[in-house]
Number of protein chains: 2
Amino acid sequence: MGDKQTRDHIVDAADRLFYENGYEHTSFAHIAESVKISRGNFYYHFRSKDEILDAVITLRLANTQRMLEQWEQEAQTPIERIRKFIDMLIVNQAPILRHGCPVGTLCTELAKLNHAGRAQANTLFTLFRAWLKRQFVALGRKSDADALAMHLLGRSQGVATLANALGDQRFVRREVQQLHTWLEQVVSIPSDSERKAKA
Amino acid sequence: MGDKQTRDHIVDAADRLFYENGYEHTSFAHIAESVKISRGNFYYHFRSKDEILDAVITLRLANTQRMLEQWEQEAQTPIERIRKFIDMLIVNQAPILRHGCPVGTLCTELAKLNHAGRAQANTLFTLFRAWLKRQFVALGRKSDADALAMHLLGRSQGVATLANALGDQRFVRREVQQLHTWLEQVVSIPSDSERKAKA
DNA sequence: GTCTATAAACCGATAGAC
DNA sequence: GTCTATCGGTTTATAGAC
């Protein structure tokens with residue numbers, strides 16, 4: 001098996017296992033079993049477990065970037081694009097109920113571990129935050145675009161956390177419905193600061 | 001040192017360390033160092049680490065119950081009581097920024113570990129949920145009291161998760177302000193189902 | 001009740017054969 | 001590149017002295 005190929009298999013398996021069982025709880029033995037290689041072979045491709053985490057986050061950043069670009073191609077208006085973000089909670093409902101949000105749960109774990117990779121994991125949030133902010137700016141909400149982006153990020157994190165803990169599907173659907181309603185109101189009603197700017 | 005006393009010290013230290021560094025990451029050695037006892041002495045008071053977790057959750061349930069009862073004494077109206085819940089995000093802002101929500105982060109971790117104590121940890125959420133539901137019923141929102149309780153729980157979880165990851169104090173204050181505004185609207189505007197019931 | 005000593009398993013990481 | 005064998009450290013948990 002080629003150099004690149006085995007490395008990619010390791011990162012793919014680690015990506016899945018870190019999501020399903022957590023970073024610390026996932027051992028080399030678990031990944032090795034999934035990839036069908038020996039434990040010693042890891043250290044040809046990576047110098048440490050931290051380096052595998054680094055590669056996993058880099059992979060997730062690339063996948064997220066690609067997804068956001070695809071949303072921009074598929075949806076022409078900012079409101080449609082933000083709807084794609086909200087609907088993630090429905091599209092990925094099954095894995096979210098079982099394992100939570102891949103971004104939120106990783107950041108939460110690395111914060112507890114006070115792990116060096118924490119800052120890099122947070123850039124996953126930043127990627128969504130900057131993308132959402134751009135959409136709200138395009139909606140004419142320049143003055144509070146970042147606050148709206150953070151609000152939406154927080155709302156979706158709350159839904160994922162509670163859905164994962166209590167396993168309530170109806171709660172997810174209800175909250176997604178409310179988020180769509182909230183988005184409609186954001187579009188139709190200008191913010192305080194926008195009105196002040198016009199005055 | 002008395003039997004009960006040492007046991008309580010162990011549970012108190014474990015409670016704090018589980019919150020600050022996570023359940024799995026906290027070892028007997030860490031707790032022992034904090035309580036100033038030997039590792040072997042644990043097994044006079046507990047049969048396993050799982051049993052310490054059990055005791056910690058039981059302690060948190062009792063503390064939460066006591067806090068909710070105190071809120072009921074301090075605040076006479078349901079809306080004032082719900083405001084106490086929302087203001088938890090301000091009162092506990094410093095620990096939340098550093099370690100997240102004690103309930104949410106524990107449930108998230110135990111879900112990843114597929115740990116037996118998961119169901120018991122979720123009852124911490126249930127305690128808040130049932131209490132909030134009662135307040136919304138008292139506000140005259142009988143038909144959607146549970147949905148409102150879950151919504152508020154989710155919102156606060158999202159704020160805590162994002163605040164912990166990105167360490168944004170202004171975000172917390174802004175979201176708390178919005179939650180108070182949301183609560184005012186809940187009080188002033190009857191729900192769809194309430195209006196249907198009146199028609 | 002608390003201690004020391006230690007078992008048994010697992011962890012990340014290394015050395016060296018092929 | 002991949003393997004086997006193993007090191008050193010940590011983990012939970014036990015045994016037994018005091």
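Residue numbering restarts at 1 for every chain, and letters A, B, ... go by the order of the sequence lines. Reckoned from all heavy atoms, side chains included, excluding hydrogens, waters and symmetry mates.
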Listed partners of B/Thr58 passing side chain to side chain contact (heavy atoms under 4.5 Å, CB included), at least two apart: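 By the side chain to side chain contact (heavy atoms under 4.5 Å, CB included) rule, B/Thr58 matches B/Asp54, B/Gln120.
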query: Of all residues at least two apart in sequence or in a different chain, which pass the side chain to side chain contact (heavy atoms under 4.5 Å, CB included) check with A/Ala138?
result: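 Only A/Pro78 meet the side chain to side chain contact (heavy atoms under 4.5 Å, CB included) criterion with A/Ala138.
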message: Side chain of A/His45 only, heavy atoms from C-beta on: which candidate in C/dA13, D/dT2, C/dG1 is closest?
response: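 Given the options C/dA13, D/dT2, C/dG1, the side chain of A/His45 is closest to D/dT2.
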query: Under 3.5 Å, is there a donor-acceptor pair between the B/Arg60 and B/Asn63 side chains?
result: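 Short answer, no.
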message: For a quick check under 3.5 Å, do A/Asn21 and A/His99 share a side-chain donor-acceptor pair by atom type?
response: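 No, no side-chain donor-acceptor contact under 3.5 Å.
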message: I'd like to know if B/Glu80 pairs up with B/Lys84 as an ion pair, taking the criterion as any Lys NZ or Arg NE/NH1/NH2 lying under 4.0 Å from an Asp or Glu carboxylate oxygen.
response: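 Salt bridge between B/Glu80 and B/Lys84, a charged N being under 4.0 Å from a carboxylate O: no.
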message: Looking at B/Arg141 and B/Asp144, is there a salt bridge between them, counting it only when a charged N and a carboxylate O are closer than 4.0 Å?
response: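 Yes.
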Rounded to the nearest Å, what distance is computed from the [atom1] atom of residue [X] to the [atom2] atom of nucleotide [N]?
X: A/Tyr44; N: D/dT4; atom1: OH; atom2: P; value: 18 Å
X: A/Arg47; N: C/dG12; atom1: CZ; atom2: C1'; value: 15 Å
X: A/Phe46; N: C/dA13; atom1: CZ; atom2: C1'; value: 15 Å
X: A/Phe28; N: D/dC7; atom1: CZ; atom2: P; value: 19 Å
X: B/Ile31; N: D/dT11; atom1: CD1; atom2: C1'; value: 12 Å
X: B/Asp8; N: C/dG1; atom1: CG; atom2: P; value: 13 Å
X: A/Phe42; N: C/dA15; atom1: CZ; atom2: P; value: 19 Å

query: When you look at CD of B/Glu33, are more than 12 heavy atoms from neighbouring residues, nucleotides or ligands closer to it than 6.0 Å?
result: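 Open: at most 12 neighbouring heavy atoms sit under 6.0 Å from CD of B/Glu33.
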query: Under the salt bridge (Lys or Arg N to Asp or Glu O under 4.0 Å) test, which residues partner B/Lys49, sequence neighbours left out?
result: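 So B/Lys49 forms no salt bridge (Lys or Arg N to Asp or Glu O under 4.0 Å) with any residue.
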query: If you look at every strand shown and take non-hydrogen atoms under 4.0 Å, does B/Tyr43 touch a base, only sugar-phosphate, or nothing?
result: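 Touches a base.
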- request: Kindly write out the residues that satisfy side chain to side chain donor-acceptor pair (under 3.5 Å) with A/Gln93, not counting sequence neighbours, or none if the list is empty.
  value: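 With neighbours one apart ignored, the set is empty.
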Protein and nucleotides 3-7 of chain C: nitrogen or oxygen contacts under 3.5 angstrom:
from, atom 1, to, atom 2, distance (Å)
C/dC3, OP2, B/Ser38, N, 2.8
C/dC3, OP2, B/Ser38, OG, 3.2

query: In residues 49-57 of chain B, which ones come under 4.0 Å of DNA chain C, going by heavy atoms?
result: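 Listed by number, there are none.
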N or O in side chain of B/Thr6 less than 4.0 angstrom from C/dT2 OP1/OP2: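 For C/dT2, OP1 or OP2 has a side-chain N or O of B/Thr6 closer than 4.0 Å.
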